[in-house]
Visitor: 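Below is one structure. I have some questions about it.
Below, read A as the first sequence line, B as the second, and so on, with proteins coming before strands; counting in each chain starts at 1. These numbers come from the heavy atoms of this one structure, side chains and all, not from hydrogens, waters or symmetry mates.
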There are 2 protein chains.
Amino acid sequence: MTVTTPAGFRAAGVTAGLKTSGAPDVALVVNDGPDAAAAGVFTSNRVKAAPVLWSQQVLHGGEVRAVVLNSGGANACTGPAGFQDTHATAEHTAAELSTTTGREVGAGEVAVCSTGLIGERLPMDRLLPGVSAAVRELAGDGGDAAAEAIMTTDTRSKTTAVAGAGWTVGGMAKGAGMLAPAMATMLCVLTTDAVADPRALDAALRAATRVTFDRVDSDGCLSTNDTVLLLASGASGVAPSAAELTAAVTAACHDLAQQLIADAEGATKQIAIEVVGAAGEDDAVEVGRAVARNNLVKTALFGNDPNWGRILAAVGTTAAEFEPDAVDVAVNGVWVCRGGAAAEDRSKVDLTGRDVTIRIDLHAGTAAATVWTNDLSHAYVHENSAYST
Amino acid sequence: MTVTTPAGFRAAGVTAGLKTSGAPDVALVVNDGPDAAAAGVFTSNRVKAAPVLWSQQVLHGGEVRAVVLNSGGANACTGPAGFQDTHATAEHTAAELSTTTGREVGAGEVAVCSTGLIGERLPMDRLLPGVSAAVRELAGDGGDAAAEAIMTTDTRSKTTAVAGAGWTVGGMAKGAGMLAPAMATMLCVLTTDAVADPRALDAALRAATRVTFDRVDSDGCLSTNDTVLLLASGASGVAPSAAELTAAVTAACHDLAQQLIADAEGATKQIAIEVVGAAGEDDAVEVGRAVARNNLVKTALFGNDPNWGRILAAVGTTAAEFEPDAVDVAVNGVWVCRGGAAAEDRSKVDLTGRDVTIRIDLHAGTAAATVWTNDLSHAYVHENSAYST
């Protein structure tokens, strides 16, 4: 149920001492082939961390032999020296892998991901020995250890596996805050033993992230380090159709995205905002995102208050096609607002559970989209004010 | 120091029983002339409350004899019946004023403002007697009572006065949450005894709100009821120049906007985000607003953490012209970030006081703008989850 579930992959997670907590903080995922096809999507934040800039270059080649990931430091806003650190990490990983496997691996085939505090250099004197240790620990069942080593404020590791016909997709992800991906989420590595070229992988990955990670909006804050990578080993010998590959990658991304929202910092509610009757899918996403980002909606739900007026006020800030006096809103199945005004009794809404569904009918067309978010709680404020993350 | 400071105005604030707290909840401001020129700016939220739709029509005529305001209910998302309630309120106010003053006032000269919970009808059986009481209580020193009667979650009333040469501008405002005006703030009435036609008032008011209320962003949530009105009685007999009028109205708006931010729900910090070196003023405002709306920046400041990495991550979400490796950031005068990377020691930053200044130099031009916001605290979450507002 992780990145080593598909054939052709080994992984490891070790403690290098980057985190003061002493928890594991360096992960490595290696594609033993026969293929090394890969695709990636990255944060749309214009302030991009050094490992994002590096990995974007690596992905241009369409081949990735290994992904080295660290928690305990984002290596973002660290200037040219930070980029050198990423480069050195890739070089070191490539050299260690070349030595131990006897097969030449170039730094240009090693993607790098980092997560943690922005603005501080990584302690390279600890990171590089950690990479060496991870290379020694590589194992065909190392996926769980790798998933654990990329956690930051996550309370649990996130892994997945989706079975195809004779091939599988596996994956891991991390992320609990600064979680409003736009092209990707914090960090995610997907693996598959399917036979697929970089172009097919790229198409499947973009289609999958567009309707999963890109529709998660926990706190409206877009990270500098978001990275989703998809690596194909071809070890199954099976070449799925584009539709099959996209379906499996989408299922894996959906599973991981839901795990991210379920573990969002301080959340007490897991909220699906289903926008229907939209003139187009973009309108539906814009409306869903505006509601997901509205602090007054999020605090109301934390307080078990089905405050549909705040929802309508959020919808009104968008450029989507709708008439204010035609909008219906249901909270957990109760249509508290019809035609832009009060309808069913709000006291009928049961908000005692963790799952909340807000359904917004714009009555402007037939398109629909769902955006996932969570509430805004005291614990979120505490976690993000008491610690630098 | 309020709406009755300029000559030609009377005001009142009374308790009609709209609020369960028993606090004053109906205010009235009357322009006794000789002129009745007026201008107004309103929320850009597409979901507009009934009183906003009504008052926009009234302002088309360029003349306002009275403004009737109520707290205890926003009359937003109340459908055609809610609009009828607003119309009835204006009619009743006009009739009562016609009777008591002996001068005919039409409903089309009465602006209406409402604030409170969205989605519920106003109790007209209490509101209309309250309006009658307010008419009876009208006084040349009634400005303070009026300012008190429009408060909702505000902890104090907000009033101002700015002296011109032989004329003055007075004002009052309310607003503590759902406070991210775009064309106006929650509710604000400005008065002046200057001689000025509606066109001159409109120009002055738009110029003033653009650089004051429109640059306040407390919680990113745009209200359905935002209204700013400017009434001129001409009672001073002095006709200031356009520049003089704009300067005085801007000073009054600035003062009230600062009072709004100072009283923002749950705030422990009053934050000025000064963006300089921008390619254009729009870029500066966009960057300032993105930082003001970033929950991670706001929680960090609540925790006295000069987390410039979160600031840079927020800047990176904008379309403003800048190079990520050229941005400088100072927090309370300490340049913790230079060229997009760590500079002065962040431990030098003193965040123990209430006032915080974040200065962001984009190094992309010569334009500048300041956006004002506050931190995100436990008290904000409490206030907006424990009560429907």
Visitor: Could you name each residue pair satisfying ring pair (Phe, Tyr, Trp, His ring centres under 6.0 Å) that touches residues 297-321 of chain A, not counting sequence neighbours?
Guide: A/Phe302-A/His378
Visitor: Please report the shortest heavy-atom distance between A/Val47 and B/Gly316, naming the atom on each side.
Guide: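 Looking at all heavy atoms of both residues, the closest pair is CG2-CA, 3.6 Å.
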Visitor: After noting the C-alpha distance and the side-chain angles of B/Asn384 and A/Asn295, does the key distance pass the side chain to side chain contact (heavy atoms under 4.5 Å, CB included) rule?
Guide: CA-CA 9 Å; B/Asn384 286 296; A/Asn295 281 351; over 6 Å; no
Visitor: Begin from the C-alpha positions of A/Leu117 and B/Asn307 and carry the test side chain to side chain contact (heavy atoms under 4.5 Å, CB included) through to its verdict.
Guide: CA-CA 9 Å; A/Leu117 188 64; B/Asn307 195 319; 4.2 Å; yes
Visitor: Roughly how far, to the nearest 0.5 Å, is OG1 of A/Thr318 from CG of B/Asn45?
Guide: 9.0 Å
Visitor: Tell me, for B/Thr317 versus chain A, whether the close heavy atoms (under 4.5 Å) come from the side chain, the backbone, both or neither.
Guide: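 Both parts, heavy atoms under 4.5 Å.
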Visitor: Which atoms form the tightest heavy-atom contact between B/Arg46 and A/Pro324, and what is the distance?
Guide: O-CG, 3.1 Å
Visitor: Identify the heavy atoms of A/Thr299 and B/Ser385 that sit nearest to each other, and give their distance.
Guide: O-CB, 3.0 Å
Visitor: Taking side chain as everything from C-beta outward and backbone as N, CA, C, O, which of these in B/Ala74 sits under 4.5 Å from a heavy atom of chain A? Side chain, backbone, both or neither.
Guide: neither
Visitor: Give a yes or no on whether A/Asp282 atom CG has more than 12 heavy-atom contacts from other residues, nucleotides or ligands under 6.0 Å away.
Guide: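 Not buried by this count: 12 neighbours or fewer within 6.0 Å.
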Visitor: Of the non-hydrogen atoms in B/Gly119 and A/Ala342, which two are nearest, and what is the gap between them?
Guide: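 Taking every non-hydrogen atom into account, O-CB, 3.7 Å.
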Visitor: The criterion is side chain to side chain contact (heavy atoms under 4.5 Å, CB included); which residues satisfy it with A/Thr86, sequence neighbours excluded?
Guide: A/Ala50, A/Pro51, A/Trp54, A/Asn75, A/Val112
Visitor: Mind ranking A/Ala320, A/Ser223, A/Ala81, A/Gly220 by heavy-atom pairs under 4.5 Å with chain B and telling me who comes out on top?
Guide: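 Looking at each option in turn, the highest pair count goes to A/Ala320.
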Visitor: Could you tell me the separation between the SG atom of B/Cys221 and the NZ atom of A/Lys298, rounded to the nearest 0.5 Å?
Guide: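 Reported value, rounded in 0.5 Å steps: 10.5 Å.
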Visitor: Between B/Ile118 and A/Leu312, is the side chain to side chain contact (heavy atoms under 4.5 Å, CB included) condition met? List the steps.
Guide: CA-CA 9 Å; B/Ile118 298 172; A/Leu312 230 59; 5.8 Å; no
Visitor: Which bit of B/Asp219 is near chain A, if near means a heavy-atom gap under 4.5 Å: side chain, backbone, both or neither?
Guide: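 When you check distances to chain A, atoms from both the backbone and side chain of B/Asp219 fall under 4.5 Å.
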Visitor: When rounded to the nearest 0.5 angstrom, what distance separates CG in A/Leu296 from CG in B/Leu222?
Guide: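 Answer rounded to 0.5 Å: 11.0 Å.
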Visitor: Among A/Gly82, A/Ala49, A/Cys77, single out the residue with the greatest number of heavy-atom pairs under 4.5 Å to chain B.
Guide: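 Going by pairs under 4.5 Å, I would pick A/Cys77.
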Visitor: Step by step, would you call B/Val381 with A/Tyr380 a side chain to side chain contact (heavy atoms under 4.5 Å, CB included)?
Guide: CA-CA 10 Å; B/Val381 174; A/Tyr380 177 89; over 6 Å; no
Visitor: Nearest heavy-atom pair of B/Gly79 and A/Ala341: which atoms, and what distance?
Guide: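 Of all heavy-atom pairs spanning B/Gly79 and A/Ala341, the closest is N-CB, 4.0 Å.
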